[in-house]
2 protein chains.
Amino acid sequence: MSLKSKDLSIKFRFWINVDGEKLLGKGRVEMLELIRKHGSILKASQEMKMSYRQAWQMVKEMNDRAESPFVEKYMGGKNGGGARLTIEGEDAIKKYHDLEKRINYFIDEQLESFK
Amino acid sequence: MSLKSKDLSIKFRFWINVDGEKLLGKGRVEMLELIRKHGSILKASQEMKMSYRQAWQMVKEMNDRAESPFVEKYMGGKNGGGARLTIEGEDAIKKYHDLEKRINYFIDEQLESFK
DNA sequence: ATGCGTTATGTATTTAAAAGAATAACGCAA
DNA sequence: TTGCGTTATTCTTTTAAATACATAACGCAT
């Protein structure tokens with residue numbers, strides 16, 4: 001390709017669709033992990049520096065599209081309420097990262113045969 | 001992951017960076033192919049339904065970042081001017097599509113092991 | 001019963017990206 | 001030398017997405 005012989009790299013993004021609509025991607029997995037960490041959608045949204053509203057919608061879409069919700073929520077109570085991951089949510093994170101690793105490895109190989 | 005057993009799929013996008021900046025992606029390759037087809041950035045932009053301005057900037061960025069320009073332009077003359085691909089541009093398209101095929105094949109395999 | 005911090009949700013505001021409009025320069029052809 | 005269709009570029013307008021703001025409901029604890 002006659003590129004400047006500098007830092008050439010292949011970048012990629014991938015995500016999982018169900019019925020043509022996005023179920024899971026990098027941002028959503030990060031959101032799930034922060035919900036696990038904080039036990040709260042609000043705190044997760046703050047750490048991700050996005051509005052609570054957007055985070056809440058994200059979670060809603062995931063839960064609606066998955067066969068079984070990834071996030072379990074509860075309102076009121078001692079700490080005002082909160083959210084936690086379901087087994088299905090944990091499973092989704094693991095499968096996403098496993099796939100991510102395989103893709104990363106493959107893409108690294110491809111760079112050699114691309115230069 | 002316990003997904004609704006409907007239409008589950010893995011989607012992806014990839015692109016080539018040089019020194020951390022985008023050189024080539026799906027849209028840019030399509031642009032190159034339409035410039036080849038029409039011999040004109042203006043007509044290519046119209047078929048892609050994007051503004052001439054954006055198309056022109058796209059081409060400029062590619063040409064600036066590649067070691068050797070992908071698109072050759074000329075102003076004035078019988079037909080007002082035009083643009084054509086260089087050998088390097090043609091080569092870039094081919095390499096992109098070759099890589100795309102390999103990634104497509106790999107991702108298809110992964111879906112089986114993901115469900 | 002009051003306060004607290006969260007979920008839940010509608011509406012308004014801001015912001016960033018893209019498009020659109022306008023204009024100049026170019027060089028051939030009639 | 002006038003017209004044509006393109007490249008080239010600036011400035012304005014539109015559009016879409018995200019954010020901000022506001023408010024209610026919830027349920028435990030004091």
Side-chain angles (χ1 to χ4, degrees), chain A residues 11 13 15 17 21-66 68-86 88-89, chain B residues 11 13 15 21-23 25-66 68-86 88-89:
Chain A
K11 301 288 175 183
R13 286 295 292 268
W15 60 97
N17 273 9
E21 305 210 288
K22 187 173 187 175
L23 171 67
L24 207 58
K26 184 181 167 69
R28 291 179 179 202
V29 168
E30 190 182 344
M31 176 58 63
L32 291 178
E33 289 169 332
L34 289 175
I35 288 170
R36 174 172 54 196
K37 175 181 175 187
H38 292 291
S40 152
I41 295 174
L42 178 62
K43 293 210 185 86
S45 73
Q46 288 166 342
E47 184 165 341
M48 276 191 80
K49 283 172 185 165
M50 67 166 61
S51 60
Y52 169 77
R53 181 185 178 74
Q54 194 183 27
W56 176 84
Q57 284 175 331
M58 227 183 202
V59 170
K60 178 164 168 39
E61 278 191 10
M62 277 191 278
N63 280 349
D64 287 351
R65 288 172 189 169
S68 211
F70 290 170
V71 177
E72 194 173 78
K73 296 167 285 182
Y74 44 99
M75 279 172 53
K78 187 165 82 165
N79 298 310
R84 73 168 66 88
L85 297 190
T86 62
E88 289 78 14
Chain B
K11 301 288 176 184
R13 287 294 293 267
W15 59 97
E21 306 211 287
K22 187 173 186 175
L23 172 68
K26 184 182 168 67
R28 292 181 179 202
V29 168
E30 190 183 342
M31 175 59 62
L32 291 178
E33 289 168 332
L34 289 175
I35 288 170
R36 173 170 57 196
K37 176 182 173 186
H38 292 293
S40 152
I41 295 175
L42 178 62
K43 292 209 185 87
S45 75
Q46 288 166 343
E47 185 165 340
M48 277 192 79
K49 283 169 183 162
M50 68 165 60
S51 61
Y52 170 76
R53 177 191 169 73
Q54 195 183 24
W56 177 83
Q57 282 176 329
M58 227 181 203
V59 170
K60 177 163 169 42
E61 279 190 10
M62 278 191 278
N63 279 350
D64 287 349
R65 288 172 190 169
S68 211
F70 290 170
V71 177
E72 194 173 79
K73 297 166 283 180
Y74 43 100
M75 280 172 52
K78 186 164 85 166
N79 299 308
R84 72 167 67 90
L85 298 190
T86 62
E88 289 78 13

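Lettering of chains follows the sequences in order, A, B, ..., and the numbering in each one begins at 1.
Between A:I41 and A:W56, the shortest heavy-atom distance links the atoms CG2-N, 4.2 Å. Nearest heavy-atom pair, B:A44 versus B:M31, reported as atom, atom and distance to 0.1 Å: CB-SD, 3.8 Å. Scanning all heavy atoms of the two residues, the minimum distance from B:S45 to B:Y52 falls at OG-CA, 3.7 Å. Minimum interatomic distance between B:R65 and B:K22 (heavy atoms only, all atoms of both residues): NH1-O, 2.6 Å. Taking all atoms of both residues into account, the shortest heavy-atom contact from A:L32 to A:V71 is CD2-CG2, 3.6 Å.
Taking five base pairs at each end of the helix from C:dA1-D:dT30 to C:dA30-D:dT1, the local helix axes there meet at an angle of 20°, rounded to 10°.
Using a 4.5 Å heavy-atom cutoff, the side chains of A:W15 and B:R13 are in contact. Using a 4.5 Å heavy-atom threshold, the side chains of A:R28 and A:E61 count as touching. Using a 4.5 Å cut-off on side-chain heavy atoms (C-beta onward), A:F70 and A:I35 make no contact. Within the 4.5 Å cutoff, no side-chain heavy atoms of A:E33 are placed close to those of A:K37. Residues A:Q46 and A:H38 form no side-chain contact, since every pair of their non-hydrogen atoms from C-beta on lies 4.5 Å or further apart.
Rounded to a whole Å, the CD atom of A:Q57 is 11 Å from the C1' atom of D:dA17. Atom pair B:K60:NZ and D:dT9:C1' shows a separation of 11 Å (rounding to whole Å applied). Atom CD of A:E72 and atom P of C:dT7 are 13 Å apart (whole Å). Protein atom CD of A:Q54 is 20 Å distant from nucleotide atom P of C:dA12, rounded to whole Å. Distance, A:N63 CG to C:dT7 C1': 13 Å, rounded to whole Å. Atom CD in A:E61 sits about 13 Å away from atom C1' in D:dA17, given to the nearest Å. The distance between atom CE of B:M58 and atom C1' of C:dA18, rounded to the nearest whole Å, is 12 Å.
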Kindly give the atom pairs (protein nitrogen or oxygen, nucleotide nitrogen or oxygen) under 3.5 Å for nucleotides 22-30 of chain C.
residue, atom, partner, partner atom, Å
C:dC26, O2, B:G76, N, 3.2
C:dG27, O4', B:G77, N, 3.1
C:dG27, N2, B:G77, O, 3.1
C:dG27, N3, B:G77, N, 3.1

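Of the residues in residues 36-51 of chain B, those placing a heavy atom less than 4.0 Å from an atom of DNA chain D are B:S40, B:I41, B:L42, B:K43, in numerical order.
Applying the 4.0 Å criterion to OP1 and OP2 of C:dT7, one finds that A:W56 has every side-chain N and O outside that range.
Between the CD atom in B:Q54 and the CE atom in B:M48 there is a gap of 8.5 Å [rounded to 0.5 Å].
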